[in-house]
Amino acid sequence: PKLSQAEQIIQSFHPDAETVLTFLETVREFIAQEKLADINKSFETKEAFPHELWKKMGDIGILGLTISGEYGGTDLGLLAQIAIIEELSK
């Protein structure tokens, strides 16, 4: 399959590209499973985000992308964070 622009940048510049791309796929599965596209649409009108979903995002590592593993983050860096924010915003 064709890589997105974000994936191409990660593949070219991230020192641990394979881990980031694998995590990005995990995020995509999470988005589909939790039906985030529908939640994103309702968020614009309700201006509220489900608290239980926030915890699930933390559990899979989305909230600690730029935080060192020493402090409980995933330490995947800013490029990974940008790509994942892009996925979450779709």
Side-chain angles (χ1 to χ4, degrees):
K2 185 178 180 200
L3 295 177
S4 70
Q5 187 174 8
E7 290 170 308
Q8 291 173 22
I9 292 169
I10 288 167
Q11 196 168 48
S12 298
F13 298 105
H14 198 285
D16 194 6
E18 202 58 40
T19 298
V20 174
L21 294 174
T22 299
F23 187 71
L24 189 56
E25 188 55 38
T26 298
V27 170
R28 287 181 179 133
E29 291 168 5
F30 175 80
I31 289 168
Q33 177 183 338
E34 297 296 332
K35 299 178 178 51
L36 277 185
D38 296 337
I39 291 169
N40 285 345
K41 288 176 190 170
S42 71
F43 176 75
E44 292 176 14
T45 56
K46 293 181 183 178
E47 296 184 8
F49 192 83
H51 293 283
E52 66 279 357
L53 192 55
W54 188 257
K55 172 142 178 37
K56 289 178 182 180
M57 290 170 68
D59 290 344
I60 68 167
I62 292 174
L63 304 180
L65 294 167
T66 60
I67 298 173
S68 169
E70 177 182 354
Y71 299 105
T74 56
D75 201 19
L76 293 178
L78 191 55
L79 285 176
Q81 184 172 2
I82 292 167
I84 289 166
I85 288 171
E86 179 182 44
E87 288 298 320
L88 291 171
S89 70
K90 292 180 178 176

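Values in this document were obtained by computation on a predicted structure and should not be read as measured data.
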For a side chain to side chain donor-acceptor pair (under 3.5 Å) check, start with the C-alpha distance between Ser4 and Glu7, then their side-chain angles and the critical distance, and finish with the verdict. CA-CA 5 Å; Ser4 70; Glu7 290 170 308; 3.1 Å; yes
In short, Ile60 meets Phe23 closest at the heavy-atom pair O-CE1, 3.1 Å
I'd like to check Ile10 versus Leu3 (side-chain heavy atoms, cut-off strictly below 4.5 Å). Are they in contact? no
For the student: nearest non-hydrogen atoms of Ala6 and Glu86, plus distance: CB-OE1, 3.4 Å
With sequence neighbours left out, what residues match Glu87 under salt bridge (Lys or Arg N to Asp or Glu O under 4.0 Å)? Arg28, Lys90
State, yes or no, whether a side-chain contact exists between Glu29 and Gln33 at a heavy-atom distance under 4.5 Å. no
For a 4.5 angstrom cut-off between non-hydrogen side-chain atoms, does Ile9 reach Ile82? no
Identify whether Leu63 and Tyr71 are in the same connected component of the hydrophobic contact network (ILVMFWY, side-chain heavy atoms under 4.5 Å). no
Given side-chain contact (heavy atoms from CB on, under 4.5 Å), test His51 with Lys55 step by step and report yes or no. CA-CA 7 Å; His51 293 283; Lys55 172 142 178 37; over 6 Å; no
Atom pairs and distances, donor-acceptor, side-chain atoms in residues 74-81, under 3.5 Å, two or more places apart:
{"from": "Thr74", "atom 1": "OG1", "to": "Gly64", "atom 2": "O", "distance (Å)": "3.2"}

d(Met57 CE, Ile31 CD1) to nearest 0.5 Å is 8.0 Å
Decide yes or no for Leu53 and Phe30: does some side-chain heavy atom of the first lie under 4.5 Å from some side-chain heavy atom of the second? yes
Run through Thr26, Val27, Ile85 and flag the one making a side chain to side chain contact (heavy atoms under 4.5 Å, CB included) with Ile62. Val27
